[in-house]
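Note on naming: letters A, B, ... go to the chains in the order of the sequence lines (proteins, then strands), and numbering restarts at 1 for each one.
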Number of protein chains: 2
Amino acid sequence: MSLNPIDRVAEIVTIGDELLSGETVDTNSSYLDGLLERWGWIVTRHSTVPDSVPAIAEAIQEAARRASLVISSGGLGPTEDDLTLEGLGRALGCPLVLHRPTLDRIRLRFEKRGTPMTPNNERQARVPAVGEVLLNEAGTAPAFRAPLLGADVYVLPGVPGEVRWLAENILRARLDRGAPIVHRRTLKLIGFGESRLEDMIQSVRDAHAARVVFGYRAQAAEVHIKLAVRGTDTTPIEPAEARDRLDRVEEDLEQLLGEAIFGKDEDEIAGVLGGALMKAGSSVATAESCTGGLIAAMLTDVPGSSAYYLGGYVTYSNESKSELLGVPAATILQHGAVSDETARAMAEGVRARFQCDWGIGVTGIAGPGGGTPEKPVGTVNLAIAGRGSIWSRRLSLFGDRSAIRLSTARIALDQLRRQLLR
Amino acid sequence: MSLNPIDRVAEIVTIGDELLSGETVDTNSSYLDGLLERWGWIVTRHSTVPDSVPAIAEAIQEAARRASLVISSGGLGPTEDDLTLEGLGRALGCPLVLHRPTLDRIRLRFEKRGTPMTPNNERQARVPAVGEVLLNEAGTAPAFRAPLLGADVYVLPGVPGEVRWLAENILRARLDRGAPIVHRRTLKLIGFGESRLEDMIQSVRDAHAARVVFGYRAQAAEVHIKLAVRGTDTTPIEPAEARDRLDRVEEDLEQLLGEAIFGKDEDEIAGVLGGALMKAGSSVATAESCTGGLIAAMLTDVPGSSAYYLGGYVTYSNESKSELLGVPAATILQHGAVSDETARAMAEGVRARFQCDWGIGVTGIAGPGGGTPEKPVGTVNLAIAGRGSIWSRRLSLFGDRSAIRLSTARIALDQLRRQLLR
C-alpha cells in the first residue's frame, strides 16, 4: 500500500442547480466523506456547481489538479440539464461516444416496464471516449470513471440510493485501502448538559489528550462524546493501535460515567432500550400528553418492537387522562395536568391497562403557548411505573416545541433503560 | 437597482473539518441559497474547506475573484481550530487586531453566566484590521465583513441558529435587492405516483412550458409539483409578472386536480388538516397499529393542536385492540389484525371512546418482518369514522419500515382533510 500523501487526498464535486437554490440539501457529500475516511482517504474539499458544462468541466479539472481522487455526483439523468458527462468530456478534451451496452441496458429496462423510450433516455448512453462505464444496477444512469491530470475521476448519479449502491458495490472494492487515517468512536449520553459533561470528564481528557482528540455535540437532551485518533497522511496509525487507544478512553469514561453512556456510534436510544427489554423479557406501554405519541413512534420505529411494546395512550385532554387512564379527576384538579401526581397516575394507569411490566407517563408544556410563571414552557413531569414502584422526576427543558418534545421522549426512554439496569 | 450581472453572483464557503469527515451535513449552504435567491442573487458555487488557514484564505480569494458576494460560515468559535478570521486576514493581506467592544461583550457574557473567561475566548475578539465587526446577538462569536477583490465577504459562525439570526437581522437589510431572479412555487399532493401525476398534468405543462418550468419531487406518498419562473441575471422578471404566471399555472392545476392539492410552499399536511379541523370546529382521535403513534406525533407537533386533537391509542397487540378499543375478537380472528374490518372497528372505537367528531384507524404491516404472500409488507388498512359513516381503503405501499409508516400517516391525515371538504 502506498503511503504517498498525494495518494490519499480526495475531493467531492456535486452538480445540480437544485443544490444551489435552497431546494435540496447535499447529503451525498457527507455520506461519501464518511466512507472515504473509513477507506483511508482524506477529503480536503467539496465543491458544488450548477448544471453548466463549463462550470462542471472547470470544477472537475481544479479538483483533479489538487487531489488524486475526485468523486462527483449529480447530472447524469435523462433530461437536458443533465450535463455531467459533457462537462467531463470537456475536461478530458475528448468527444462523447455512444456506449452500446449501456444503450441496450436502458432499452431493456424500458421494455420491461412497458414504457416507450425517449431520445432523452438515449442521451444517457453517450459517454466520454476515454474512460470506463461502471454498471449501475440501482438506476438507468450509468456511472463512469476516467483518468484526468493524474487523478481518478468517478462520476456518480445524484440519487442518494444510487450513490449508496455504487459506493458499496463498485467503489468499495476499488478504493478501500483498509487503513483509515482517522479512527473515530462516538459515545452517547442523555440528560447531561454539554458543559457539565465537559467538566466531569476533564481528567480523562487530560490523561489521553496526547493520543486521542475529544469533541462534543449536543442536541435535544443527547450529548455525544466524539473521540478521534488521527494519524497523518504520511504516518497513519495502525488500526489495532487506534482501537486500543479508543478502548482505553472508553474504559476510563465508563468508569467515570457508568450507566449514563447508553450506546456508541450508530446506536439510537429506542433501539438500545428495545434490546434491553428484549433481553429482560419485559414489556412496556406508554401514556403521553405533551409528547403526543412521539415516544410510541420512536419505540415502534425499531423493527421487531412488537415483541416488547404493547401500545399506549395519547391523552391530550384532561378528560381522557381521567376516563381512559384512570387519573383521578381530583388529582388533576388539585395538582394540575402537569404535575408529578398526574404523571405517576398516568404511568401506573397505562401499565395496569396493558397488564405489562413497565409504564411510562409523561405530561408537560411543550409550548409555544400554555406556560405560566410557575410552570413555564419546558416544564415536564415524567414517571416510570414497574416492579411495584414508581420513579418520577420533573424536567425543565429548553428549546422550541419540537426540541422539548424530542428531549422529553429521549429522557423517558433513557430512564426506562436505566431502571432496567437495576 | 443595478442589474449588472456581476452584482448578482454569490458564492458560499463553508469551513470546518467536521463538514469533510461525514460527521456533519452542511445545511447552512442550502439555507443561505434559499435566502439569497429570494433576495435577488444567483448562487453559483459552494466550496467546503477544512480548518486550515491556507485552505480558507485560498477558497475565499477564489470565490471573491468569481463573485461579487461571498458568504462563509464556520470556524469562528473559541477553540484553536477556529481559524476563519486568520484565513480571511491572510486573504486580505492584513494582520488581526484586538476589537475592544467585542472583547467587552464577550467578557460581559461570561460575567453574566458566572463562568471564567479563558484566553481562547479572547481570541474571538481578534479580527482583521480591514473590515467591520457585525454584532451577533445570538452567540459569542462576532461576524465580520470585509471588502476583497471587488467582492463583499461576509464571515458568519457555523451554528445554524446563529446563521439564521445574522441572516435575518444583519444580512437582510444589506443584501435583499427585492427582486428575485427565480420565482418559485411548490404545490403539494399526497397519494399520487410521480409518473401518474406527470401524465395527468402534461396538458397544463405543455400550455405553460414557455413561461414556467415544471419539476417534480416525490417522497413517502407526497409529491411536489415545483414551478419556477426564471429570469436571467441581465433580464429579471418583474415580481408581479412572475406571480401572475405562477397564479395561472396554479389555477389550471387546481381545475385539473382539485382537492388533491393539499397545500403549497411551506405547508405541511398536519398543519393544513389542523387548520381545517379548527375552521370546522371538529375534533379527532387516533387509533394506530403499524404507525405506532406517528400520526398522533405529527398532529401534536403543530402548536395549538390541543384545540382539535383529543388523543389516541397505540394498539400494537391484538389484545389491546379488543380490550381497549373494542374491536371484536371475532373480527380479528376472522379477518386478521390487518383487515378492513379491523381498521373500521378501530376508527369507530376510538371516535366513540374520545366522544369526538372523527376517528382515524390504521393497521398494517410496516416490515421488515410480518409479511405474507397474501398481505405483503406495505399492506395497510386505513379507516376514517365520522358523520355517521366510515370511509376505508386498503393501501399497498413501498419502501422500508420508516417510509411505509410515514406514507401511511400522510395518507391518513390527507384523507381526513378530504373528508372535511365534503
### Message
Looking at every heavy atom in both A:G22 and B:D33, which two are closest together, and how far apart are they?
### Response
N-CB, 3.2 Å
### Task
Check whether the side chains of B:S30 and A:D26 place a donor and an acceptor atom closer than 3.5 Å, and report yes or no.
no
### Message
Below 4.5 Å, heavy-atom pairs only: which of B:R353, B:R38, B:R184 has the largest tally toward chain A?
### Response
B:R184
### Query
Which atoms of B:L20 come close to chain A, meaning under 4.5 Å heavy atom to heavy atom: side chain ones, backbone ones, both, or neither?
both
### Summary
For B:A167 and B:Y31 the tightest heavy-atom approach is CB-OH, 3.7 Å
### Task
Considering only heavy atoms and a distance below 4.5 Å, find which of A:P368, A:S306, A:G311 pairs most often with chain B.
A:G311
### Contact class of A:L19 relative to chain B, heavy atoms under 4.5 angstrom
backbone
### Whether B:Y313 and B:F354 hold their rings parallel, tilted or perpendicular, with breakpoints at 30° and 60°
perpendicular
### Query
Between B:P303, B:A285, B:G34, B:S47, which shows the greatest number of heavy-atom pairs under 4.5 Å with chain A?
B:P303
### Query
Most heavy-atom pairs under 4.5 angstrom with chain B, which of A:T14, A:T27, A:T24?
A:T24
#### Entry: Proximity breakdown for B:Q355 and chain A, heavy-atom pairs closer than 4.5 Å
side chain
### Task
Sort A:A409 into side chain, backbone, both or neither according to what part of it lies under 4.5 angstrom from a heavy atom of chain B.
neither
### Query
Using non-hydrogen atoms only, which part of B:T291 is less than 4.5 Å away from chain A: side chain, backbone, both, or neither?
backbone
### Message
Any carboxylate oxygen within less than 4.0 angstrom of a Lys/Arg side-chain nitrogen, looking at B:E18 and A:R217?
### Response
no
### Message
For A:K226, which atoms come within 4.5 Å of any heavy atom of chain B: side chain, backbone, both, or neither?
### Response
side chain
### Message
Check this for me, if you would: do A:R45 and A:E62 make a salt bridge, where the nitrogen-to-carboxylate-oxygen distance has to be below 4.0 angstrom?
### Response
no
### Query
Quick one: of B:S320, B:G367, B:A366, B:G369, who has the most non-hydrogen atom pairs under 4.5 Å with chain A?
B:S320
### Query
What part of A:V350 is in contact with chain B, defined as an atom under 4.5 angstrom from a non-hydrogen atom: side chain, backbone, both or neither?
neither
### Task
Name the member of B:A296, B:G215, B:A55, B:S29 that forms the most heavy-atom pairs with chain A at distances under 4.5 Å.
B:A296
### Query
In terms of heavy-atom pairs under 4.5 Å, which option from A:I12, A:V49, A:L299, A:T286 contacts chain B the most?
A:V49
### Task
Count the heavy atoms of every other residue, nucleotide or ligand shown that sit under 6.0 Å from CD of B:E198, and state whether that count exceeds 12.
yes
### Message
Rounded at 0.5 Å granularity, tell me how far CD1 in A:I360 sits from OG1 in A:T408.
### Response
12.0 Å
### Message
Under a plain distance cut-off of 3.5 Å, with no hydrogens placed, do A:S305 and A:T300 share a side-chain donor-acceptor pair?
### Response
no
### Heavy-atom proximity to chain B below 4.5 Å, by part of A:E323
side chain
### Query
With chain A, which of B:E288, B:E23, B:E319 has the greatest number of heavy-atom pairs at distances under 4.5 Å?
B:E23
### Task
Identify the two heavy atoms, one from A:K321 and one from A:T315, that lie closest to each other, and give their separation to 0.1 Å.
NZ-O, 3.1 Å
## Note on the structure
Looking only at A:C290, A:A59, A:G312, A:G293, the option with the highest number of non-hydrogen pairs under 4.5 Å against chain B is A:G312
### Task
Identify the heavy atoms of A:L406 and A:M298 that sit nearest to each other, and give their distance.
CD1-SD, 4.1 Å
